[in-house]
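Notes follow the structure.
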Amino acid sequence: MEYNFRSIEKKWQQTWKESGVYKVSNESSKPKFYVLDMFPYPSGAGLHVGHPLGYIASDIFARFKRLKGYNVLHPMGYDAFGLPAEQYAIDHGVHPAVSTEANIANFRQQLDNIGFCFDWDREVRTCEPSYYKWTQWIFLELFHAYFDHTDQKAKPISFLEEEFEKFGSTSVNGKRSPVSFTAQEWKAYDEKTRMDILMNFRLAYCGYGEVNWCEALGTVLANDEVVNGVSERGGHPVVKKKLRQWYLRITEYADRLLEGLEQIDFSDAMKEMQSNWIGKSSGAEIQFDIETPSGEKLPLVVYTTRPDTIFGVDFMVVAPELDLVQKITTADQKKEVDEYLAYVKSRSERERMAEKKITGVFTGAYAINPFDGRKIPVWASEYVLAGYGTGAIMAVPCGDQRDFLFAKHFNIPITNIIGEHYNGEEANPTKEAKLENSGFLNGMPMREALEKVIGEVEKKGIGRRKVNFKMRDAAFSRQRYWGEPFPIRWIDGTAYPLPADQLPLLLPEVDKYSPGPEGEGPLSNIPEWTALQLETNTMPGYAGSSWYFLRYMDPHNENEFCSRKASDYWGQVDLYIGGTEHAVGHLLYSRMWTKVLYDLGHIGHDEPYKKLVNQGMIQGSSRFVYRVRGTNQFVSAGLKDQYETDTLHVDVNMVDGFELNIEAFRKWRNGEYKDAELIGEDGTISSPHTTNNEGQSVKYLCGAEVEKMSKSKFNTVNPDDLVQRYGADTFRMYEMFLGPVEISKPWDTKGIEGVHRFLKKFWRLFATEEKGWIVNEKAPTDAELKVLHKTIRKIGDDTERFSFNTAVSAFMIATNELADLDCHKKAILEPLVILLTPYAPHICEEIWHLLGNSGTVLDASFPVFEEKYVKESTKDYPVAINGKTRTEMTLALDASPQEVEALVLANEVVQKWLEGKAPKKVIFVKGKMVNVVV
RNA sequence: CCGGAUGUGGUGAAAUUGGUAGACACGUCAGACUUAGGAUCUGAUGCCGCAAGGUGUGGGGGUUCGAGUCCCUCCAUCCGGACCA
């Protein structure tokens, strides 16, 4: 009986599918556990070895929890709307629905190969009408809701309408209204006016705003989709553009998104990224007065986190985009200011970020410091952003480095308010100094002064305490085709929602995917669509993924997005696994949607994920050959410096370690290199024209580098090939054996043999080729029981704490030990099979049945660890006590003979060492004294 | 520039609370069985040294009987944010 992994895996995958062992019920007496993977975007490239890493980890955990007696929800689906499918459609004329369907089929095939325990009956696809019907429905919920500041939660917008009817716009919603009207006026308004006013409050709203416009993609992008001034996908330039857009009022949830981080188990890095993105800062808004050229007084409101430094203000800076700049500019500065504004306008966002030049212009105007009446010059400069705070700052050069450099550059005198803390060389943003040159604040510690100034400012009525956030409302519309249509009609410039019973609003067929006029989506080219006055934008990629974890709980419900019963049963995702790349996108949006649905009473929890684990990225390990320039000669890596060479990527699959498979190389890419002449590491030459017997000894070594895994770099490794060669169980265990799940590392196929050997060895505990099935019913010995229970404890602990690599090692050790003991006893091996099941499900299921069991091993009970078997014997460790290899011993009177012997010995040594004093405690490690406490 | 993480053999990596550093595996070397081996098995393998021995967890310093682990500092790599007042 050989370990025939191919037939075993095929057989069990088939059986599992037919018998539906992975079907999960919402009715169970067992405790629930929800293990979720970030669902994939089904790209045309298929899976490479990096993708399944997280899936394997979650699969192991799901199976482990099921063995531990939980009712485990472990679903999978596809994030199927998105840009690439549409780009593919534009390039190849294939409808996105068709290419997406094909990609999904391919993904599914690849996933099935690896033997996951997903409940495929619960599969979701965000592009299916039965799914996006509910995405649209939730959008309408957002549209019909506002954020109540008094209660800090979302409420139906009808509440707000009632308030307007009773009180008008004054003092409702716990926050100033952007428009003001009385109750009478509200009652007199027509519906259109009311709708337009309400738009200022809706959680999903439409407005004009500066957006990230990507010309090449023909759409706007959310802030997290723009990286260094170019689009995340494709790397196209992005410019600011004013457009009508839909937004999510996520800023209202800034505080709760921040606070929520404290209750959830995310890595520090992830929490840090989210809170940086939210970017909360507290300070004050302070009003300075400016005298304009015409003599009138204009207020200049600045935002500062350091009101305590107000006596150190040496100049003010206003963002060039602000209209105020024109108003305050004096006649003799007008020319310079206009030139500067033109210059700023000519610079792209990207240039601005790339080159950090200090630029700016004096407006000629002066502001008055409200506390000492000093005249402060007002400048305009692009280092102040129009979009943050009030778009204007008070500059304190001795405390802020940017202000300092600006002052130095333009020769503005610097006031020192922090005494010796300021050295004249650079700014010092300390909060520890005692203030000087600061009027009534002199001698006061800065922290104290901060509160004092805010108090004074509020007393004077020239400002107030203010909290600011970096996070902006999320742009929620795309000028694209392949996304959810908005259930919105535009009548006379006002947006009206479609009634919920008309959902889903189906995505119509189009002939061409090019955008319509003035940055409208392809839907604007369909007469039937525009005739109905329907919104021509579609929702962004993150719409469908913001709530999919809820749909898995109740995937076939036609009446609700998810029944309250189902969401109450499954509750939060207990374990969520995915990459870090979604830190500020998906994870933030889905947290917001969850909070809204919670506020509106649709679900019972306000954080979607209890624990998040980020799997590391698997990088590619690229291989290179060196072609001598202008020839068809390739030189081995060690000799490349002797020639002038070009470096070319070669397919890693043709390289064994670093040694190139010359024959494969000649056949590669339809024989493109069939005539190549290769110079080996020792200088021998392999030429296609010489006879083969010499040519085979040429050893050609490739260069190597770690890069992102991608097809164009020929460094992708397809899991299908490895599964075909070694089996799914080997592949799964090897991916785990590679190292901690959270760590990024380059892929290296070399070590997979070791894991494969382990499985073969494991199999040989049960059956061999010569002797057949060799499991017996004999009673286990102490030594064998020790191996078993040691392993039960180790595997249980390691799996629970996500240390899968050490768990795999523990299996190898146990197998080696049992092989040494020549143990083939059912009493030992059967529990071991259960332990191994999450890691290598196919082989374990096979053995489980060969052992005479029925059903699936997943329904077996997890073996119980018994400490008595793993007690260290005194023989192994002469002075070990209480079953531990390491312990502390006090000089007690009731010590055992061995203890006394050891202690007497130790005491003599210690007494000598301590010059006669007796030790209180002696600590041993395996018979060696390592610690003495006196 | 700011924030986070990580630095251990030729390689991937172990080392629950400070307690024999390098488990386990790859690779390499030697051997066994073989017509043959890219199958299987056995042994060796941090570095220097014939050896005894010395030395060793990025560098330097500190706490401790004892530090990969804790503290300070410097360096390197990776990730994220970067004019956020």
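The shown structure was predicted, so the numbers you read here are calculated from the model rather than taken from an experiment. Values below: all heavy atoms of this structure, side chains included; hydrogens, waters and symmetry mates excluded. Naming convention: chains lettered A, B, ... in sequence-line order (proteins, then strands); numbering from 1 in each chain.
- Taking the six-membered ring where the residue is Trp, A:Tyr3 and A:His756 present tilted rings, their angle falling between 30° and 60°.
- An OP1 or OP2 oxygen of B:C41 is reached within less than 4.0 angstrom by no side-chain nitrogen or oxygen of A:Arg757.
- Under the salt bridge (charged side-chain N to carboxylate O under 4.0 Å, His left out) criterion, the residue pairs touching residues 809-822 of chain A are A:Lys790-A:Glu817, with sequence neighbours excluded.
- The aromatic rings of A:Trp379 and A:Phe406 lie perpendicular to each other, with more than 60° between the two planes, well past the 30° mark.
- Judged by closest nucleotide on RNA chain B, A:Ile752 is the one of A:Met394 and A:Ile752 placed further toward the 5' end.
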Atom pairs, N/O to N/O, protein against nucleotides 28-36 of chain B, distance under 3.5 Å?
none

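- Only the C1' atoms considered, B:G58 is 11 Å distant from B:U6, to the nearest whole Å.
- Toward the 5' end of RNA chain B, the nearer of the two residues A:Gly754 and A:Gly391, judged by each one's closest nucleotide, is A:Gly754.
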Toss me the dot-bracket line for RNA chain B: Watson-Crick and G-U wobble, both under 3.5 Å, 5' to 3', using | for pairs to another strand and [ ] for crossers. (((((((..(((......[....)))((((((.......))))))(((....)))..(((((..]....))))))))))))....
Extract from the structure each pairing of a protein N or O with an N or O of nucleotides 6-14 of chain B at less than 3.5 Å, listing the distance.
unit_1, atom_1, unit_2, atom_2, d
B:G12, O2', A:Leu738, O, 2.5
B:A14, OP1, A:Asn805, ND2, 3.0

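- Residues passing the side-chain contact (heavy atoms from CB on, under 4.5 Å) test with A:Asn4 are A:Arg6, A:Ser7, sequence neighbours excluded.
- By the ring-ring contact (aromatic ring centres under 6.0 Å, His included) test, A:Phe811 pairs with A:Tyr839, sequence neighbours left out.
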